[in-house]
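Only a predicted model underlies this, so the values are computations on that prediction, with no experimental measurement involved. To find a chain, count down the sequence lines: A is the first, B the second, and so on, and within it residues start at 1.
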Amino acid sequence: KTKWDMHIAWPSGNFHTKGVVMFADLVAKKTGGDLEIAVHPGGALGFKGQEVLGAVRSGTLPIAELLMGNARGDDPIFGLTSVPLLVKNYDEAWKLYQIAKPYYVEALARHNAKLLYAVPWPPSGIYTKKMLKSTADFKGLKIRTYDANSAEFVTLLGGQGIAIPFSELYTALSTGLVNGVLTSTQTGVDAKLWEVTNYFHRINYAFPLNMVIVNKQAFDKLSAEDQQAILDAADEVEAFQWKASQKADLVSEIALKNHGMQIVKDITPELQSAMEAAAQKILEKWMAEAGPKAKEVLDAFQGK
Amino acid sequence: MDPLVAVVVLLAILFLLLGLSVWVFVSLFAVALVSIDLFTSTPPLRLLGNIAWNATDSWALVALPLFIFMGELLLRTRISERMFDGLAPWLAWLPGRLLHTNVVASTIFAAVSGSSAATAATIGKINIPELRKRGYDDDLILGSLAGAGTLGFLIPPSLVMIIYGVLAEVSIGKLFIAGVIPGLLLAGGFMLYLVYAGLRWPEKAPGGDRYTWGDRFVGLVNLVPVTLLILLVLGSIYMGFATPTESAAIGVLGAFLLALAYRSLTLESFKQAVLGSVRTTSMIGLIIAGASLLSTAMGFMGIPTALAAWIASLGLSKYLLVVVIALFYVVLGFFLDGISMIVITLPITLPLVTQAGFSPLWFGIFLVLMVEAAQITPPVGFNLFVIQGVARAPILRVARAALPFFVILMGLAALITVWPEVVLFLPQLMRG
Amino acid sequence: MRSLLRAAEGLATLTGWVAGFLLLLTTGLILFEIALRQLFGRSTLIAEEYSGYFMAGIVYLAAGYTLQKGEHIRVGLLRERLSPAWQRRLDLIAGLLGLAFATLLVLALGNQTLDALHYGTRSFLPSRTPLVYPYATAFAGALVLWTGFVAFMLRRWTGEEG
Ligand code: NA
Ligand code: NA
């Protein structure tokens with residue numbers, strides 16, 4: 001009988017955490033209780049995003065869930081799903097995932113880890129106090145962004161991408177230190193953004209993946225049956241969670257609406273083409289960083 | 001291993017090491033490493049490397065050294081002395097006299113700082129030397145400072161409320177508003193106690209000179225520089241120039257400019273201010289890292305979850321449940337820092353409390369009070385560490401001096417349990 | 001041995017000064033971020049990240065210096081009641097534990113630094129800073145803390161006042 005302690009940064013109410021709990025239950029059932037996974041939500045074990053891959057690599061954590069982009073510092077390929085406007089919807093996100101999966105698997109293998117499954121966040125959009133109709137509306141707009149790509153994206157559109165920590169976001173929005181946020185519908189509900197902003201612009205900025213990974217030695221130590229049971233459970237949860245992500249998106253959008261948030265779905269053509277131009281620049285930058293592998297993935301995805 | 005037994009064993013080892021006068025940070029790390037090695041399958045060295053680094057690589061902590069630095073700079077100007085000269089004629093009639101500056105200054109500073117340790121450190125740096133110089137009783141100085149310092153978490157902005165809000169899915173804005181009345185009540189409770197102490201032991205709060213209105217007016221002039229500084233820091237946050245953490249750097253700049261204006265800063269005293277801040281930061285930072293590793297160790301061992309699950313299994317009535325949960329947090333608070341305490345236990349305690357009919361918003365404020373209490377209980381209490389560092393007084397002495405204020409905190413927790421309206425009144429006026 | 005002790009002290013003071021410099025750098029960086037944002041509508045994008053590194057740097061680089069100045073907290077309850085001879089013995093026990101811990105810390109942070117070097121790990125934040133540098137800073141601080149505990153033991157062993 002084995003026990004694995006599992007790190008996950010999100011709180012227990014988040015759909016990613018719910019998926020991980022479901023995975024743990026399923027594994028316990030399928031292995032007949034051979035393997036117990038103790039889930040520690042909310043980052044309770046004290047790890048931060050940046051070191052999670054390293055902790056799994058060294059065996060400090062046998063298993064963990066993390067935002068793929070957080071591992072970008074270990075291998076640029078993990079930055080793929082943080083590139084803006086690369087995929088437009090869940091179907092394309094799934095297609096890109098299938099194409100890129102072998103590359104993820106290979107990169108993880110170099111870090112002594114194994115991919116179990118991956119699930120996208122609902123797409124990010126822009127929350128603001130005033131509606132955005134053109135790039136002119138971006139002038140003077142201070143938007144809280146969460147990584148280099150998103151900061152550059154907002155800056156290219158004429159706004160200011162401001163890096164402030166999530167913990168100070170609420171105060172910053174209420175004092176006017178920033179007047180917009182780039183994040184998903186789900187996070188908007190979590191942080192109750194309707195109290196401090198009025199519009200959510202559904203630009204489908206990106207569908208960033210979260211992945212569940214396991215330390216290679218920890219996995220190899222299990223019996224062949226238990227290993228198969230885990231892989232089966234992972235497939236089952238993955239399929240379920242891709243639907244849960246879409247559902248979370250819709251449910252969150254309704255929650256935003258019910259609290260008086262205006263959902264802006266029709267992005268003006270002028271703004272759309274400006275955003276695509278900005279995204280193209282960011283994509284090229286990432287491709288330069290990630291090398292030939294990036295080109296292979298993108299060519300396959302765009303059907304070249 | 002039975003989690004209850006494990007807690008007792010760990011506590012015993014910790015107290016033994018502390019009793020042998022092993023450094024607090026070494027004791028915390030040692031207990032954590034021993035538990036990881038004995039009770040988990042995790043490699044202790046790897047975990048030590050991870051946590052020792054990421055507990056200190058933290059934006060949330062940055063405000064702490066900066067506010068300490070601000071305090072060090074103010075200390076070396078005549079601003080703090082002037083502030084007391086200015087307040088003395090106004091507080092002379094009130095039993096407890098200048099001791100109230102600890103509470104009043106902490107309350108104001110709490111509106112700037114999201115952390116209790118930063119509040120205690122800053123106000124302590126300025127107030128302790130001045131109050132001692134004027135012959136006030138050390139126990140009352142240190143105790144009221146330890147107690148009032150905790151207001152940093154209860155009066156917005158508050159780091160603890162932000163973390164709770166995200167974990168419990170409660171509006172951070174409502175939490176902030178909900179903290180205002182309890183915060184003022186707590187400050188009022190502390191001041192009432194100081195009035196009582198001033199009446200009971202007049203010699204502990206000396207300085208009953210008679211002042212004229214002329215003295216009071218001159219006093220106001222003396223209050224100008226410190227008022228300017230407070231307005232600068234508060235203004236930078238509420239006008240949207242800076243986040244609460246960033247405002248600490250503005251405070252440093254303000255204190256530096258004031259010191260230059262008063263021509264009271266020499267290169268030597270500036271050097272001392274920098275090095276002094278760095279030492280206090282290192283002292284607290286290592287303790288924070290040790291406490292984090294201990295929290296992580298307990299997380300891996302599943303101790304807090306098991307204890308909370310045990311409480312759930314008791315099937316208690318509404319008020320008894322609150323009493324047991326309060327006791328549970330007081331015990332955890334002996335040796336965990338407040339934020340870890342919340343993150344680890346919330347998934348179990350929150351449903352328990354809401355099922356008993358309390359609102360998550362109410363529980364947020366209740367938890368903040370528990371976290372504040374944990375700041376002033378030994379052996380791991382960050383306000384105690386900060387104050388002992390600033391005041392150079394033995395830690396157990398500070399802990400004993402803080403006891404009456406701990407009791408007042410618990411009293412407020414009881415009050416909001418019986419009358420939740422104290423917490424819920426203001427947020428109910430908000431929209432949404 | 002005198003010169004050894006003096007070297008350890010000098011080292012601790014030096015890294016204490018470096019920590020002080022990091023404090024000034026943190027203040028400057030945050031003020032710069034505020035000015036840049038308010039005046040030019042831009043962000044350094046690194047203020048949060050580097051303030052964190054500096055914070056960790058201050059804690060570890062100043063650790064030995066703080067030990068030397070006797071400012072790391074100890075609970076004096078028992079110690080204060082003992083004769084100087086027993087105080088010395090107690091200090092030796094505490095010092096030994098401190099040294100043991102510092103050894104583990106050196107190993108742990110050393111491991112972490114080598115790991116970041118080997119895998120070329122970079123920050124996932126905009127700066128893409130190779131993490132080996134900030135880790136190495138903390139590691140250096142741990143080494144100085146280790147020499148600090150050695151110096152503490154030596155001094156108490158020879159009966160000198162701590
Ligand atoms: Na506060
Ligand atoms: Na405590």
Side-chain angles (χ1 to χ4, degrees), chain B residues 17-27 29-30 33 44-50 52-59 61-62 64-66 69 236 241-242 245-246 248-250 252-253 256 271 274-275 277-289 378-379 385 388-389 394-396, chain C residues 16-17 19-24 26-31 33-34 37-38 47-49 51-63 65-67 69 71-80 90-91 93-94 97-98 100-102 104-105 107-112 115 134-135 138 142:
Chain B
L17 292 177
L18 292 172
L20 287 172
S21 69
V22 176
W23 292 268
V24 172
F25 78 92
V26 175
S27 310
F29 274 115
L33 287 169
L45 265 193
R46 289 290 183 169
L47 203 53
L48 173 62
N50 271 310
W53 170 259
N54 81 16
T56 53
D57 165 24
S58 154
W59 171 255
L61 277 185
V62 170
L64 187 69
L66 293 179
F69 189 24
S236 73
F241 288 117
T245 305
E246 289 171 348
I250 297 207
V252 172
L253 182 66
F256 180 70
K271 217 172 74 184
V274 172
L275 291 177
S277 315
V278 155
R279 290 196 299 266
T280 311
T281 305
S282 178
M283 180 269 283
I284 299 173
L286 280 180
I287 291 176
I288 288 177
F385 297 143
Q388 97 100 237
I395 183 149
L396 286 177
Chain C
W17 276 83
F21 179 70
L22 290 182
L23 178 65
L24 295 180
T26 311
T27 316
L29 176 60
I30 294 176
L31 288 174
E33 165 80 22
I34 297 171
R37 182 171 62 221
Q38 296 311 126
E48 178 190 355
E49 179 189 3
S51 302
Y53 297 157
F54 293 159
M55 174 75 201
I58 293 170
V59 169
Y60 288 101
L61 286 176
Y65 175 54
T66 310
L67 180 72
K69 293 273 176 185
E71 289 187 29
H72 282 301
I73 298 184
R74 304 169 71 183
V75 181
L77 194 66
L78 175 68
R79 194 176 176 277
E80 283 158 12
L90 205 61
D91 282 352
I93 297 176
L97 265 167
F101 163 69
L104 292 178
L105 188 67
L107 290 175
L109 289 174
N111 235 326
Q112 172 136 326
D115 219 45
Y135 287 172

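A donor-acceptor pair under 3.5 Å links the side-chain atoms of B:S282 to the main chain of C:V59, judged by distance alone. A donor-acceptor pair is defined here as one N or O able to donate and one able to accept, closer than 3.5 Å; no such pair exists between the side chain of C:R74 and the backbone of B:V22. In terms of modelled atom types and a separation under 3.5 Å, the side chain of B:R279 and the main chain of C:G16 share no donor-acceptor contact.
The distance from the CG atom of C:L104 to the CZ atom of B:F29 is 10.5 Å, given to the nearest 0.5 Å. Taken from CD1 in C:I73 to CG in B:L18, the straight-line distance is 10.5 Å, to the nearest 0.5 Å. Separating the CD1 atom in B:I284 from the CD atom in C:E71 is a distance of 11.0 Å, to the nearest 0.5 Å. Considering CD1 of C:I30 and CG of B:L253, their distance stands at 12.0 Å, rounded to 0.5 Å. Distance check, rounded to the nearest 0.5 Å: CG of C:L67 to CG of B:L286 gives 10.0 Å. The distance from atom CZ of B:F241 to atom CZ of C:R37, rounded to the nearest 0.5 Å, is 10.0 Å.
Interface summary for chain C: among B:S236, B:A242, B:A52, B:G285, the most heavy-atom pairs under 4.5 angstrom belong to B:A52. Ranked by heavy-atom pairs shorter than 4.5 Å toward chain C, the options B:P394, B:P44, B:P65, B:A248 are led by B:P65. Here B:N50 is the residue among B:L47, B:N50, B:I288 with the most heavy-atom pairs under 4.5 Å with chain C. Contact tally against chain B (heavy-atom pairs below 4.5 Å) for C:I93, C:T27, C:L97, C:L22: the top residue is C:T27. Between chain B and the options C:L109, C:I34, C:T26, heavy-atom pairs under 4.5 Å are most frequent for C:I34. Interface summary for chain B: among C:G57, C:A62, C:A19, the most heavy-atom pairs under 4.5 angstrom belong to C:A62.
Not counting sequence neighbours, the partners of B:D57 by the side-chain hydrogen bond (donor to acceptor under 3.5 Å, both in side chains) test are B:W53. With sequence neighbours excluded, no residue forms a salt bridge (Lys or Arg N to Asp or Glu O under 4.0 Å) with C:K69.
Scanning both residues, C:Y60 and B:A289, for their nearest heavy atoms gives OH-CB, 4.0 Å. Across every non-hydrogen atom of B:S21 and C:R79, the tightest pair is OG-CD, 3.7 Å. Among all heavy-atom pairs drawn from B:G49 and C:A108, the shortest one is N-CB, 3.6 Å. Scanning all heavy atoms of the two residues, the minimum distance from C:A94 to B:W23 falls at O-CZ3, 3.4 Å.
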Subject >> side chain to side chain contact (heavy atoms under 4.5 Å, CB included) assessment of B:L48 paired with C:L107 >> reply: CA-CA 9 Å; B:L48 173 62; C:L107 290 175; over 6 Å; no

**OP:** Apply side chain to side chain contact (heavy atoms under 4.5 Å, CB included) to the pair B:V274 and C:W17, showing each step before the final yes or no.
**Re:** CA-CA 9 Å; B:V274 172; C:W17 276 83; over 6 Å; no

Subject >> From CA spacing to verdict: side chain to side chain contact (heavy atoms under 4.5 Å, CB included), B:M283, C:H72 >> reply: CA-CA 5 Å; B:M283 180 269 283; C:H72 282 301; 4.2 Å; yes

Subject >> CA sep, side-chain torsions, deciding dist, call: C:T66, B:T281, side chain to side chain contact (heavy atoms under 4.5 Å, CB included) >> reply: CA-CA 9 Å; C:T66 310; B:T281 305; over 6 Å; no

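Here the side chains of B:V62 and C:F54 are not in contact, with every heavy-atom distance at 4.5 Å or above.
Only the side chain of B:V252 has a heavy atom closer than 4.5 Å to any heavy atom of chain C. Neither the backbone nor the side chain of C:L29 comes within contact range of chain B, judged by heavy atoms closer than 4.5 Å. If you measure heavy-atom distances from C:A47 to chain B, the contacts under 4.5 Å come from the backbone alone. Both the backbone and the side chain of C:E48 come within contact range of chain B, each with at least one heavy atom under 4.5 Å from a heavy atom of that chain. With a 4.5 angstrom heavy-atom cutoff, B:I250 touches chain C via backbone and side-chain atoms both. Interface residue B:Q388: only side-chain heavy atoms are found under 4.5 Å from chain C.
Classification of the C:F101-B:F25 ring pair by plane angle, with boundaries at 30° and 60°, yields perpendicular.
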